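In this text the structure is predicted, and so the values were computed from the model without any measurement.
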Amino acid sequence: MGLDVLLTREPDSEEAFTALRNALAADPSDPLLARRVIPLLALQGDFAAVASLGGAHALATAVANRPAAAKLVGLTLAGGPPEHAPLARELLAKALAADPADAETVDALDGHVSRDTALDAKARVAAIRDVLQAARRVTKSRPDERRWLVREGELLWHDLGDMDEAEKVFRRVRAADPRDMVALAFFEDDLNRRQDWKRLHAVLAQKLAVVPKEQRVAVALEMARLSENQLQSAEMAVEAYKRVLTEEPTNEVATERLLELYRTTHKWHALIELLNGRIRRFGDSIAENEKKVQLLFQIIDIYQDPDKLRVEEMVIQTYNRIVQVSPTNATALDSLAQRYEDASRWSELVQVLQKKIATTTDIDALLDLFHQVADLYLSKMSSESQAIPFLERILEIDPSNLDVVRRLRDIYKSKHNLERLYATYLAELELTDGARREPILTELAVLATDKLHWNEEAIRHWEALLELSPKNEKAVT
């Protein structure tokens with residue numbers, strides 16, 4: 001069966017592959033055969049056959065200046081065992097002699113020479129640089145030219161440690177592309193070694209502008225530490241930590257350092273803004289509310305300190321914020337009450353006292369609060385109507401408080417609330433003995449007779465009055 005027929009009928013058979021190998025051996029210069037046989041040999045791991053057949057093919061075609069053959073076999077052998085390295089390198093070099101800027105061949109020879117342990121570092125770098133420089137001289141691809149220049153810089157930097165020569169190369173890289181990450185990494189390393197902190201900070205700032213989002217926090221933190229520790233610049237550190245929080249608002253390292261820097265630099269407005277930002281990020285759990293309260297007290301310390309940012313109204317506002325978060329906070333409530341009293345802000349003082357009432361369970365404390373509120377309504381705010389509920393609450397707890405009974409009596413009398421007035425007279429009567437009951441009984445009897453028209457109640461009070469004071473003119477008549 002002829003080769004063409006065999007390849008048509010059974011292209012993947014072992015017989016077909018053997019026939020192709022034999023055909024290539026008979027005619028090493030046939031490019032079509034080479035392109036079919038050599039990759040199959042490499043897939044089978046038969047690099048000896050690649051070296052034998054492929055080498056013959058490459059050498060047979062090199063005379064005709066056809067670098068594709070040398071490239072094909074060279075690239076194939078470059079990925080094989082080390083014993084074929086010399087031939088691979090020779091073939092790749094032949095391919096580059098014809099086309100020095102072929103990117104695939106340049107990169108392959110670069111990698112091949114880099115792995116050549118027979119050469120010392122200096123010889124390896126020199127050989128690779130020759131290849132890279134030759135490629136750069138003739139290439140029309142700007143990306144390849146820049147990539148090979150970067151590679152040359154890396155060799156000088158990492159393989160030889162020649163920082164001066166590497167710097168010259170990377171300056172050219174940055175002239176072409178100021179955002180090149182390898183060049184930035186080199187200058188970061190170089191300037192760190194030289195302890196040139198100002199230029200290092202500038203390089204990090206450029207790096208921050210080009211790194212992916214997930215790397216920005218790390219770069220900004222590095223800038224901040226450099227600013228604090230080496231440059232001794234609180235202002236620069238503040239800006240760097242603020243950038244961290246722009247990228248990651250919950251970053252605790254940046255937050256804690258900013259809090260400290262704002263304190264040491266007396267940036268009280270900025271400190272308060274930062275504390276408020278932390279407060280806003282907390283949730284509403286008990287534990288997080290406690291943290292809010294702690295931070296709010298820190299804000300109060302700033303607003304009430306004459307050496308910081310003394311603003312009394314902001315102290316009051318912040319205490320109110322504490323009460324909103326923690327309604328039972330005694331320190332905040334007491335402080336608000338005192339400040340409102342000192343400023344004669346009676347309605348706001350009443351509101352605070354009512355909040356204290358809502359959270360107080362101690363009887364004596366409650367009585368004191370009811371008295372305070374009632375006194376404020378009566379003596380400071382001229383509002384008898386609003387004082388009544390608190391006076392009534394006092395009597396619920398302390399029914400024998402004669403002073404409160406009489407105050408209520410006077411209020412109801414002035415308001416002509418006859419039924420409530422009658423009730424307070426009754427309460428006063430219960431708390432009074434002897435002759436002092438006479439005027440109270442008189443008032444009750446007159447009120448029941450003339451105003452309320454409660455005849456039975458009126459008779460009872462007149463009789464009691466006659467019994468107490470037989471000569472009482474009103475009772476007699």
Basic-acidic side-chain contact under 4.0 Å: [X], [Y]:
| X | Y | value |
| --- | --- | --- |
| R193 | D189 | yes |
| R278 | E252 | yes |
| E228 | R225 | no |
| E222 | R216 | no |
| D110 | R151 | yes |
| E145 | R136 | no |
| R263 | D301 | no |
| K168 | D164 | no |
| R199 | D196 | yes |
| E288 | R281 | no |

What's the verdict on salt bridge (charged side-chain N to carboxylate O under 4.0 Å, His left out) for R257 and E260, showing C-alpha distance, side-chain angles and the deciding distance?
CA-CA 5 Å; R257 290 307 308 144; E260 180 61 27; 5.4 Å; no
Nearest 0.5 Å, please: how far is CG in D159 from OG in S114?
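The distance works out to 7.0 Å.
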Spacing of CG belonging to D130 relative to CG belonging to L96, to within rounding of 0.5 Å:
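Answer rounded to 0.5 Å: 12.0 Å.
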Within the 4.5 Å heavy-atom criterion, are [X] and [Y] side-chain neighbours or not?
| X | Y | value |
| --- | --- | --- |
| V182 | V173 | no |
| K292 | D284 | yes |
| V125 | R129 | yes |
| I388 | E384 | no |
| R147 | D144 | yes |
| F282 | N289 | no |
| L274 | L245 | yes |
| R321 | N276 | yes |

Could you pull out all residues at least two apart from E239 that satisfy salt bridge (Lys or Arg N to Asp or Glu O under 4.0 Å)?
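E239 satisfies salt bridge (Lys or Arg N to Asp or Glu O under 4.0 Å) with K242 once adjacent residues are dropped.
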Is it true that atom CD of E273 has more than 12 heavy atoms of other residues, nucleotides or ligands lying nearer than 6.0 Å?
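No, the 6.0 Å shell around CD holds no more than 12 heavy atoms from other groups.
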Does Q338 form a side-chain hydrogen bond (donor to acceptor under 3.5 Å, both in side chains) with D334? I'd like the steps, not just the answer.
CA-CA 6 Å; Q338 187 61 58; D334 290 344; over 6 Å; no
I need the single residue from L271, I299, I302 that forms a side-chain contact (heavy atoms from CB on, under 4.5 Å) with L309. Which is it?
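Answer to the side-chain contact (heavy atoms from CB on, under 4.5 Å) test with L309 among L271, I299, I302: I302.
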Intermediate values then yes/no, side-chain contact (heavy atoms from CB on, under 4.5 Å), D305 and R310
CA-CA 5 Å; D305 189 332; R310 188 175 181 87; over 6 Å; no
What residue pairs, at least two apart or across chains, pass ring-ring contact (aromatic ring centres under 6.0 Å, His included) with a residue in residues 286-327?
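Applying ring-ring contact (aromatic ring centres under 6.0 Å, His included) to every pair that reaches into residues 286-327, excluding sequence neighbours, yields nothing.
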All pairs passing ring-ring contact (aromatic ring centres under 6.0 Å, His included) where residues 173-216 contributes a residue, at least two apart
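Listed once each, the pairs are W157-F186, F170-F186.
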Over all atoms of both residues, closest heavy-atom pair of A135 and P100:
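Where A135 meets P100 most closely, the heavy atoms are CB-O, 3.3 Å.
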side-chain hydrogen bond (donor to acceptor under 3.5 Å, both in side chains) between R345 and Q351, intermediate numbers included:
CA-CA 10 Å; R345 295 166 64 169; Q351 291 175 11; over 6 Å; no
Is there a donor-acceptor contact under 3.5 Å linking the side chains of D368 and Q372?
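A pair is found: one side chain offers a donor N or O, the other an acceptor, under 3.5 Å apart.
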Can R146 and D180 be said to form a salt bridge (charged side-chain N to carboxylate O under 4.0 Å, His left out), step by step?
CA-CA 10 Å; R146 189 162 56 248; D180 185 87; 5.4 Å; no
